[in-house]
Amino acid sequence: MNGAYFYAKHIAQSSSFKKVFAVGVSGDEKHHEITPLYVDDREGYKELPDLESFVSFSPQNIREYYTRYVLEEETDVEKTTAQILKDAAELHEYLRTYGTLKDQDKPLVVAGILLALDEIEYGGFIIDSLTGDQTPGMRDGDKLMNAIKGRLTRSNVGPDAKKDKLLSEFSIIQTSFRLNEKNDTLGKTPLKYYTEFLNEKVFKNIKYQKTSEDFIGRFYGEFMSYSGGDGQTLGIILTPRHITDLMCDLVDVGPDDVVLDPTCGTAGFLISAMHRMLSMADSDQQRRNIKKKQLHGFELQSNMFAVACANMILRRDGNSNLECCDFLAKNPAQVQMKGATVGLMNPPYSQGTKADPSQYELSFIEHLLDSLTLGARAAVIVPQSSMTGKSKAEQAFKASIMKRHTLEGVITCNPDTFYGVGTNPVIAVFTAGEPHDPDKVCKFIDFRDDGYEVRAHVGLVEGDSAKDKKQHLLDVWNGRVEAPSKFCVKSTVKPDDEWLHSFYYFNDEIPTDADFEKSIGDYLAFEYSMVMQNREYLFENGGHDKRIAELGEEVEIPALNEKKWEVFRIGDFFEVSRPVARNKDAYEIGDIPFVASGSMNNGVMKYCVQHDDESLDAANCVTVSPVDGSSFYQPVAFLGRGGAGSSILMLRGSMLNEFNGQFIARIIQQTCSKYTYGHMGNKDSIKRERVMFPVNNSGEPDYEYMEQYVKNMMLRKYRQYLAFLSRKEKKG
């Protein structure tokens with residue numbers, strides 16, 4: 001960073017560039033720091049937050065980055081977003097106060113008025129024509145409905161049954177007496193007031209901006225989420241725009257793709273896909289084909305179907321291929337004839353039961369994959385619980401999916417993605433029509449820190465680092481960069497696995513001398529404590545005397561970061577067992593250590609009298625707590641805490657001794673520290689866990705190195721303590 005700063009300072013003072021970003025990079029491909037600085041020609045500089053990518057310095061992002069980080073001002077996007085949120089809150093209040101509308105009718109009124117306003121440029125509607133006339137056929141609602149009919153006709157919406165269904169949904173505008181009656185407070189009908197509001201706030205200030213379509217979509221989403229129930233009351237959790245865009249990026253939607261969203265809600269996925277496809281199109285004919293032929297959606301709820309159609313028409317896709325139907329009732333083979341090469345979906349949540357397993361999210365996923373062409377890509381956002389597959393039906397769905405389709409990976413999302421709903425979502429990505437190869441390596445990513453944050457009275461908004469974090473995710477997903485396992489784990493999968501990052505995660509960071517110094521220091525402190533409590537008998541037959549002789553002289557060995565490390569599965573080297581059922585309260589105070597799932601004192605909870613009819617658990621093993629991963633080498637025979645729940649796990653291997661055992665215990669603890677009461681370890685899970693070991697020239701765990709490392713550390717600790725006693729003696 002210092003070097004980068006001095007280069008930047010020289011450029012700022014000696015060239016025409018007076019504002020310079022300098023970046024200091026350290027580490028390796030997996031573990032690194034990227035720290036930017038802003039430098040000007042006035043001797044000033046400003047250290048900026050670390051990055052994971054350089055996307056902030058791209059031509060399209062650098063001005064926004066400068067505004068946000070250097071000037072510390074709101075960007076144009078932030079200002080517009082804040083205004084949309086304000087307008088959405090205001091409109092919601094007006095709909096509630098002057099229209100007394102039901103939740104399901106509010107989005108319909110808004111969508112219908114927007115369609116009518118879209119007729120203005122064709123001369124089919126004039127706002128001033130809304131006079132509050134109460135003559136049948138001449139009321140404000142009648143005029144708005146005529147404009148909506150005109151817009152649907154102009155958009156060539158067909159067949160007639162579809163057009164009639166849409167008009168039926170928007171009929172609340174015409175049939176509501178309250179909406180068509182002049183309001184004394186307003187001095188006009190609520191319909192005219194809403195129309196003027198939407199024209200002023202949406203069409204004039206948003207529609208004709210270059211990014212208008214994005215903002216109109218954002219207006220819909222924010223309006224419905226602000227209402228405190230619109231989306232959920234309708235049985236729909238609307239997908240935020242940044243998620244629909246991300247999922248299009250993950251499956252790499254292109255201009256030649258055919259996209260299907262079988263539970264399309266307000267058409268958020270189709271809109272994001274269309275924007276991306278149009279931006280890549282080479283010709284007007286290709287753009288027409290994208291809008292006419294390459295976007296397909298199903299929606300069960302007729303009111304949301306009407307909103308989705310309006311949303312697509314407002315984006316000049318009047319001939320959109322949307323159907324109001326039950327996706328699960330459709331034959332996948334028939335849907336497959338649409339030729340969809342991409343599937344995007346946010347299915348209904350928490351509808352499945354043992355009595356009706358067809359409503360599980362996994363059922364929707366399987367139905368979608370069966371409906372796509374061979375090799376098609378699919379991305380779905382579902383609750384985290386779907387990927388665990390707790391019920392038998394869900395486990396069966398996972399097995400069935402893997403028989404015919406390939407899981408590419410799962411991304412754990414920000415818990416606040418659906419702010420206010422209380423769902424922890426994940427994005428799962430699949431390839432359709434290709435059976436899952438058992439040797440296929442999938443990616444499991446922890447993207448909970450996505451740069452989006454909840455702000456009071458606003459909700460979920462884009463934070464400073466969101467663009468950078470998204471780019472890093474895409475770089476890792478597409479294999480352009482490597483990432484530590486705390487972000488991405490690569491693993492083969494089985495149907496009965498939990499398809500989540502937390503299930504496959506292991507800590508692949510090489511431990512430091514400080515890590516081992518603490519654990520070995522704790523072990524020696526335990527030993528010293530036992531001696532001071534007159535329990536030195538514990539070590540007399542456990543190899544303590546032999547160990548003192550074996551320590552010998554300190555031997556020079558490579559540092560931890562100079563050794564090569566490889567990944568191994570615990571079950572490949574250790575037998576794992578649990579003690580018999582025991583409770584420490586059933587034992588009298590005695591001399592035998594009772595080892596449980598504590599995190600201190602080598603796991604020893606108390607000292608007991610052995611029962612006449614039981615055997616001790618043998619020494620020379622590593623014990624692991626299933627509730628927090630605390631791991632200890634046990635040098636003497638002990639009574640282990642057994643039974644259900646938090647009984648300890650015992651790892652035994654022929655290579656273990658008191659020295660490498662302490663090294664191994666520290667490594668295992670590093671991986672198993674992810675265990676909690678809510679996500680406890682067990683015999684099977686710990687066998688699957690992966691750990692990093694230093695290796696020899698043959699690529700096998702270097703137990704001799706581990707042993708010598710611990711011996712060296714112990715010798716240094718002994719010398720440290722003896723030096724302390726010597727200094728104390730001299731002072732005395």
Residue pair [X] / [Y], side-chain heavy-atom distance below 4.5 Å:
X	Y	answer
Tyr65	Leu51	yes
Lys467	Asn61	yes
Gln471	Arg480	yes
Ile570	Phe573	no
Glu658	Gln662	yes

Legend entry - Closest non-hydrogen atom pair, Arg716 against Glu554: NH1-OE2, 2.6 Å

[X] ring center near [Y] ring center (under 6.0 Å):
X	Y	value
His501	Phe487	no
Tyr587	His611	yes
Tyr709	Phe516	yes

Inset, instruction - Check whether any side-chain N or O of Ser625 sits under 3.5 Å from a backbone N or O of Val627 as a donor-acceptor pair, and report yes or no. - result: yes

Legend entry - Heavy-atom donor-acceptor pair, Asp684 side chain to Lys687 backbone, under 3.5 Å: no

Inset, instruction - Measure the spacing between NZ of Lys518 and OG1 of Thr512 and express it to the nearest 0.5 Å. - result: 12.0 Å

Taking [atom1] in [X] as the centre, count heavy atoms belonging to other residues, nucleotides or ligands within less than 6.0 Å. Is the count above 12?
X	atom1	answer
Asp437	CG	yes
Glu614	CD	yes
Glu33	CD	no

Inset, instruction - Measure up the His242 and Tyr452 rings against each other and bin them: parallel (under 30°), tilted (30 to 60°), perpendicular (over 60°). - result: parallel

Legend entry - Residue that, paired with Phe447, satisfies side-chain contact (heavy atoms from CB on, under 4.5 Å) out of Val476, Thr417, Ile411: Ile411

Inset, instruction - Please say whether the positively charged group of Arg582, taken as NZ for Lys or CZ for Arg, lies over the ring of Phe594, i.e. under 6.0 angstrom from the six-membered ring centre and within 45 degrees of the axis. - result: no

Legend entry - Lys470 and Asp450 ion-paired at < 4.0 Å: no

